[in-house]
Amino acid sequence: MTAKEFLRQYLDADRALDCKLEQLARLRAKAAKITTIISGERVQGGIEGSRLEAIVERIVELERDIEQDIEQLKRKQSDVEAMILRLDSDQERDVLTLKYIYGYRWEEIVQTSNYSRRQVFRLHGTALQKIDFFLKDGTKWH
């Protein structure tokens, strides 16, 4: 695993979690629509009732997945932050934190850090080399 892959794992997991949360919101909206249809009918159940049941089952399953993903996300964030903290340069730590924890784009990092674009790229590159060394070294970063 390269330094970039290691550092990106937190943001990738965060984006995947966001997708599941959006899916959950859509399922809940569907369930609400079906509930409205069922409650408006005199005869309960039928096709709409079974659709609602299937959606509720999917909601429960997705909520379990999301809980597990949140725990995994916390672990990944902790691992990435611990690796960044191993760097001896505050500037390198700042750049990597903005990039890989907060998900800032390069221009946002330049504005926030008050470093030039060239400085940001140099700090980023140097920090990645150090993290590659830490990963190859095999010592635990916690």
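- Ion pairing of Glu61 with Arg58 is present here, as a side-chain N (NZ or NE/NH1/NH2) and a carboxylate O approach within less than 4.0 Å.
- Here the CG atom belonging to Leu21 is positioned 4.5 Å from the CD1 atom belonging to Ile66, to the nearest 0.5 angstrom.
- In this structure a side-chain-to-backbone donor-acceptor pair under 3.5 Å is missing from Glu67 to Arg64.
- Atom CG of Leu62 is separated from atom CD of Glu57 by 13.5 Å, given to the nearest 0.5 angstrom.
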Exercise. side-chain contact (heavy atoms from CB on, under 4.5 Å) between Ser113 and Val120: does it pass, once the steps are laid out?
Worked result: CA-CA 8 Å; Ser113 66; Val120 167; 4.0 Å; yes

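- Contact check for Ile101 versus Ile84: side-chain heavy atoms found under the 4.5 Å cut-off.
- The distance from atom OG of Ser78 to atom CE of Met83, rounded to the nearest 0.5 Å, is 11.5 Å.
- Asp14 CG to Arg8 CZ: the interatomic distance, rounded to the nearest 0.5 Å, is 15.0 Å.
- Ring pair Tyr115/His124: centre-to-centre distance not below 6.0 Å.
- Looking at Val95 and Gln91, their side chains never come closer than 4.5 Å, going by heavy atoms from C-beta outward.
- Across Tyr100 and Leu11, no two heavy atoms sit closer than the pair O-CG, 3.3 Å.
- The pair Asp12-Lys76 does not meet the salt-bridge criterion, since no charged nitrogen lies less than 4.0 angstrom from a carboxylate oxygen.
- There is no path of hydrophobic side-chain contacts, each under 4.5 Å, that joins Leu87 to Leu85.
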Exercise. What's the verdict on side-chain contact (heavy atoms from CB on, under 4.5 Å) for Lys99 and Tyr104, showing C-alpha distance, side-chain angles and the deciding distance?
Worked result: CA-CA 5 Å; Lys99 182 72 177 163; Tyr104 281 23; 6.0 Å; no

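- Contact annotation: the side chain of Asp132 never approaches that of Phe6 to less than 4.5 Å [non-hydrogen atoms, C-beta and beyond].
- Side-chain contact between Glu22 and Arg26 is present, with at least one heavy-atom pair separated by less than 4.5 Å.
- Side-chain atoms of Gln72 never come within 3.5 Å of backbone atoms of Asp69 as a donor-acceptor pair (strictly under, hydrogens ignored).
- Across all non-hydrogen atoms, the minimal contact from Ile131 to Ala3 is CG2-CB, 3.6 Å.
- Judged by distance alone, the side chains of Glu81 and Gln77 do bring a donor and an acceptor atom under 3.5 Å apart.
- In this structure the side chain of Leu96 never reaches within 4.5 angstrom of the side chain of Leu123, judged on heavy atoms.
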For this session: Could you walk me through whether Thr112 and Tyr102 pass the side-chain contact (heavy atoms from CB on, under 4.5 Å) test, one step at a time?
Result: CA-CA 12 Å; Thr112 302; Tyr102 297 122; over 6 Å; no

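- A distance of 11.0 Å separates CD1 of Ile70 from CG of Asp65, quoted to the nearest 0.5 Å.
- Expressed to the nearest 0.5 Å, how far CG of Leu98 lies from CZ of Arg105 amounts to 13.0 Å.
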Problem set entry | Verdict with reasoning, Leu128 to Leu7, per side-chain contact (heavy atoms from CB on, under 4.5 Å) | CA-CA 9 Å; Leu128 289 181; Leu7 294 168; 3.6 Å; yes

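- When atom types are taken as modelled, the side chain of Gln111 and the backbone of Glu108 share no donor-acceptor pair closer than 3.5 angstrom.
- Heavy atoms only, all atoms of each residue included: Ile59 and Ala31 are closest at CD1-CB, 4.2 Å.
- Between Lys74 and Glu71 a salt bridge is recorded (basic side-chain N to carboxylate O distance below 4.0 Å).
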